[in-house]
Protein chains: 2
Amino acid sequence: MSDLDQTDRRILRELDTDARMPVAMIAHRLGLARGTVQARLDKLDAAGALRLPSTRITPQALGRPVAASVQVELDQHRIAEAIAALADIPEVLECFAPAGDTDLLLRVVARNPDDLYRVSEEIRLCPGITRTSTSLFLRTVIPYRVTGLLAGA
Amino acid sequence: MSDLDQTDRRILRELDTDARMPVAMIAHRLGLARGTVQARLDKLDAAGALRLPSTRITPQALGRPVAASVQVELDQHRIAEAIAALADIPEVLECFAPAGDTDLLLRVVARNPDDLYRVSEEIRLCPGITRTSTSLFLRTVIPYRVTGLLAGA
DNA sequence: TGCTGATTGAGCGATATGATCAATAGCGAC
DNA sequence: GTCGCTATTGATCATATCGCTCAATCAGCA
């Protein structure tokens with residue numbers, strides 16, 4: 001997956017203007033040939049530069065307005081087991097392995113605070129997980145965005 | 001933004017199969033009328049249930065393979081100022097206000113470890129920010145997904 | 001029962017798509 | 001400078017898709 005060049009970025013910026021903008025319209029607005037835009041877009045998802053369409057759906061729309069992060073400590077001998085169990089929990093939207101004391105850092109969502117408690121219990125009970133610490137997000141200060149990177153170099 | 005019902009979810013699941021699947025094809029596969037699917041999709045982005053198309057672009061594709069989280073402590077009198085400054089940093093992909101000692105939790109990306117240092121410096125120098133703690137993500141264990149929520153209730 | 005809103009199935013014209021083609025431009029290798 | 005490779009251009013084509021309309025049906029609810 002090589003980096004997107006300026007042309008790719010300009011195309012994608014146009015699509016941010018209107019997700020359903022026709023290829024011919026994009027081409028016209030950017031002063032490119034239609035075929036070029038078409039080829040670029042084909043390459044983009046062939047290259048795996050794009051996540052699944054469903055990643056555009058906000059958790060709110062799926063009835064999960066409550067967000068939190070969960071720090072997890074693992075039994076180091078059962079890491080794979082733990083990860084597999086976490087992957088089976090729908091509310092776990094993503095999971096990273098940070099440097100430092102925490103073994104895993106999860107992003108989770110829930111229907112409400114009570115539901116968040118249920119989810120965090122489910123996480124705590126995963127095999128190989130020795131300790132968790134949940135931190136409720138009171139507010140989303142900056143919603144997920146890539147526009148800044150798309151605009152710059 | 002009311003919750004998506006089962007029909008909406010089934011439509012979106014089909015789109016995960018193939019992002020460019022025509023509306024008529026979705027309708028046929030789900031046993032729905034074309035107009036219904038079209039109306040549902042129209043409602044979806046009218047309701048703001050979908051983020052910008054650019055959110056599908058992986059930071060990797062934008063040349064930012066390095067990810068990290070940054071915990072931020074603020075001068076409580078200059079919160080708005082700090083947030084505005086953070087919003088101006090393209091590498092800050094999102095920002096939450098968690099309950100607890102940390103005032104803000106940022107998701108950032110960078111070109112490489114060196115670049116991450118630059119970004120974290122930029123954050124540290126934002127007005128109103130008194131302290132930061134950056135934690136490098138060694139690995140993405142579960143990439144961002146909503147499929148689980150989409151499949152369930 | 002009667003109302004309201006969503007869904008259906010069908011049809012319509014306008015538009016977009018995917019594919020092709022020859023010609024050209026850009027770029028690195030030699 | 002020249003060769004060869006690749007991307008781009010501008011054009012054309014047939015086909016598929018879109019957005020819209022309509023009357024009829026259906027589901028939920030007062």
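Protein chains get the first letters and strands the later ones, always in sequence-line order, with residue 1 at the start of each.
Counting to the nearest Å, the P atom of D:dA7 and the CG atom of A:Asp8 are 12 Å from each other. One can place CG of A:Leu32 at 12 Å from C1' of D:dA7, the figure rounded to the nearest angstrom. Here the P atom of nucleotide D:dT6 and the CZ atom of A:Arg40 are 15 Å apart, to the nearest Å.
The shortest side-chain heavy-atom distance between B:Gln71 and B:Asp101 does not fall under the 4.5 Å cut-off. Contact of the B:Arg56 side chain with the A:Leu44 side chain is not registered, since no non-hydrogen atoms from C-beta on lie closer than 4.5 Å.
Side chains of A:Gln76 and A:Asp103: a donor on one and an acceptor on the other come within 3.5 Å.
Under the 3.5 Å distance criterion, the side-chain polar atoms of A:Arg145 are matched with a main-chain donor or acceptor of B:Ala87. Judged by distance alone, with hydrogens and angles left aside, the side-chain atoms of A:Asp115 form no donor-acceptor pair with the main-chain N or O of A:Ala110 at under 3.5 Å. B:Arg9 places a side-chain N or O within donor-acceptor distance of the main-chain N or O of B:Leu4, the cut-off being under 3.5 Å. Between the A:Arg13 side chain and the A:Leu150 main chain, a donor and an acceptor come within less than 3.5 Å of each other.
In terms of heavy atoms, A:Leu41 sits closest to A:Val23 at CD1-CG2, 4.1 Å. The two residues A:Arg51 and A:Thr55 make their nearest non-hydrogen contact at CB-OG1, 3.5 Å. Minimum heavy-atom separation, B:Ile26 to B:Met21: CG1-SD, 3.5 Å.
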Where do N or O atoms of nucleotides 20-26 of chain D meet protein N or O atoms at under 3.5 Å, pair by pair?
from	atom 1	to	atom 2	distance (Å)
D:dC20	N4	B:Arg34	NH2	3.3

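Residues from residues 12-28 of chain B that place a heavy atom under 4.0 Å from any atom of DNA chain C: there are none.
The nucleotide range of DNA chain C contacted by chain A, defined by atoms under 4.0 angstrom from heavy atoms of the protein and reported 5' to 3', is C:dA16 to C:dA19.
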